[in-house]
Amino acid sequence: MQEPAGVFVVRHITGVEREGPSEVVVELSCGHHRHVRHRPPLTEHPWVLDDATTHARIGGEIECFACGQRSLPSGAEAYRSTRSFDEHGVPSGLLGEHTTKDGVWGRLQVETGELWVEFAPPLSVMVRGRPSVPVVIPPSIVHHVRLAGPVRFHVEFLRVPAQTG
Ligand SMILES: [Zn+2]
């Protein structure tokens with residue numbers, strides 16, 4: 001079975017929509033959509049061939065490669081923001097390992113200076129935040145803020161509004 005290469009995060013399937021006889025689009029708990037095709041021998045997902053087996057996948061798990069890229073889902077809307085912190089007043093919760101809830105994205109906006117966000121597996125990456133280069137934080141991924149000197153920043157929380165149908 002050959003799948004897109006790269007980092008992925010396992011997400012729950014929250015909905016499915018048929019795209020063709022051997023292709024469906026799955027809605028994921030992170031807010032992303034993923035095309036899933038049955039085209040052996042390149043990609044084998046025989047469950048997409050039949051509506052009953054396709055719908056039986058709702059609630060199950062599948063890899064999300066867009067989360068591996070820390071790509072904010074289209075349609076994500078900010079609904080809350082923290083106040084602005086500087087390097088002397090960062091809440092200890094942000095400096096220790098923590099996560100957002102399932103479905104909740106973070107966007108750390110550096111106003112001045114810089115900092116780092118370290119992501120635990122499966123992302124396993126350190127990302128530098130600077131003014132105009134926000135750090136996108138996917139849902140339910142363990143991470144923590146690492147200070148690197150003077151900084152001022154805040155964090156926005158976003159989610160994709162519930163879809164109908
Ligand atoms: Zn995703």
Side-chain angles (χ1 to χ4, degrees), residues 1-20 22-40 42-51 53-82 93-94 96-110 115-130 132-146 153-165:
M1 180 162 76
Q2 182 174 323
E3 293 291 352
V7 179
F8 60 79
V9 178
V10 174
R11 299 299 191 190
H12 284 102
I13 297 175
T14 56
V16 292
E17 200 166 322
R18 180 154 300 283
E19 283 282 293
S22 58
E23 178 172 356
V24 298
V25 174
V26 292
E27 288 176 12
L28 304 176
S29 52
C30 52
H32 287 127
H33 291 75
R34 180 181 159 190
H35 285 259
V36 184
R37 302 174 181 89
H38 182 58
R39 289 196 188 134
L42 290 179
T43 170
E44 299 197 33
H45 292 285
W47 55 273
V48 309
L49 298 175
D50 176 84
D51 281 341
T53 55
T54 296
H55 282 275
R57 286 283 166 142
I58 294 174
E61 295 181 329
I62 197 166
E63 307 88 349
C64 182
F65 296 92
C67 273
Q69 300 293 313
R70 295 185 306 107
S71 163
L72 197 61
S74 62
E77 294 176 0
Y79 65 93
R80 193 165 78 77
S81 176
T82 68
L94 293 185
E97 294 201 328
H98 64 286
T99 69
T100 63
K101 282 184 278 189
D102 201 14
V104 176
W105 288 76
R107 186 165 56 194
L108 190 156
Q109 301 271 15
V110 174
L115 52 62
W116 294 79
V117 178
E118 182 169 0
F119 293 95
L123 298 186
S124 305
V125 68
M126 285 251 291
V127 178
R128 184 158 69 135
R130 287 168 288 159
S132 80
V133 187
V135 180
V136 173
I137 299 160
S140 65
I141 299 291
V142 173
H143 64 281
H144 67 277
V145 169
R146 290 177 73 140
F153 71 97
H154 64 277
V155 184
E156 298 169 341
F157 297 96
L158 308 91
R159 61 187 159 209
V160 177
Q163 297 172 17
T164 53

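Note that ligands are numbered from 1 as they come in the structure, with each ligand's atoms numbered from 1 the same way.
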**OP:** May I ask you to check if Arg34 and Phe65 form a cation-pi contact, with NZ or CZ under 6.0 angstrom from the six-membered ring centre and within 45° of the axis?
**Re:**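 Judged by the rule (NZ or CZ under 6.0 Å from the ring centre, within 45° of its axis), Arg34 is not positioned above Phe65.
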**OP:** Determine, step by step, whether His35 and Val25 satisfy the side-chain contact (heavy atoms from CB on, under 4.5 Å) criterion, reporting the C-alpha distance in whole Å, the side-chain angles of both residues, the deciding distance to 0.1 Å, and the verdict.
**Re:** CA-CA 4 Å; His35 285 259; Val25 174; 3.5 Å; yes
Subject >> Which residues share a side-chain contact (heavy atoms from CB on, under 4.5 Å) with His98, sequence neighbours left out >> reply: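 Partners of His98 under the side-chain contact (heavy atoms from CB on, under 4.5 Å) test: Leu94, His143.
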Original post:
Could you state the interatomic distance from CH2 (Trp47) to OG1 (Thr54), rounded to the nearest 0.5 Å?
Top reply: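 Atom-to-atom, Trp47:CH2 and Thr54:OG1 are 6.0 Å apart.
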Original post:
If you look at every heavy atom in Gly103 and Arg159, which pair is closest and at what distance?
Top reply: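 Where Gly103 meets Arg159 most closely, the heavy atoms are O-CB, 3.5 Å.
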**OP:** For the Zn ion (ligand 1), count the protein N, O or S atoms found under 2.8 Å away.
**Re:**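 For the Zn ion (ligand 1), protein nitrogen, oxygen or sulfur atoms under 2.8 Å: 4.
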Original post:
With under 30° as parallel and over 60° as perpendicular, where do the rings of His32 and Trp105 fit, or are they tilted in between?
Top reply: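 Answer is perpendicular, since the angle exceeds 60°.
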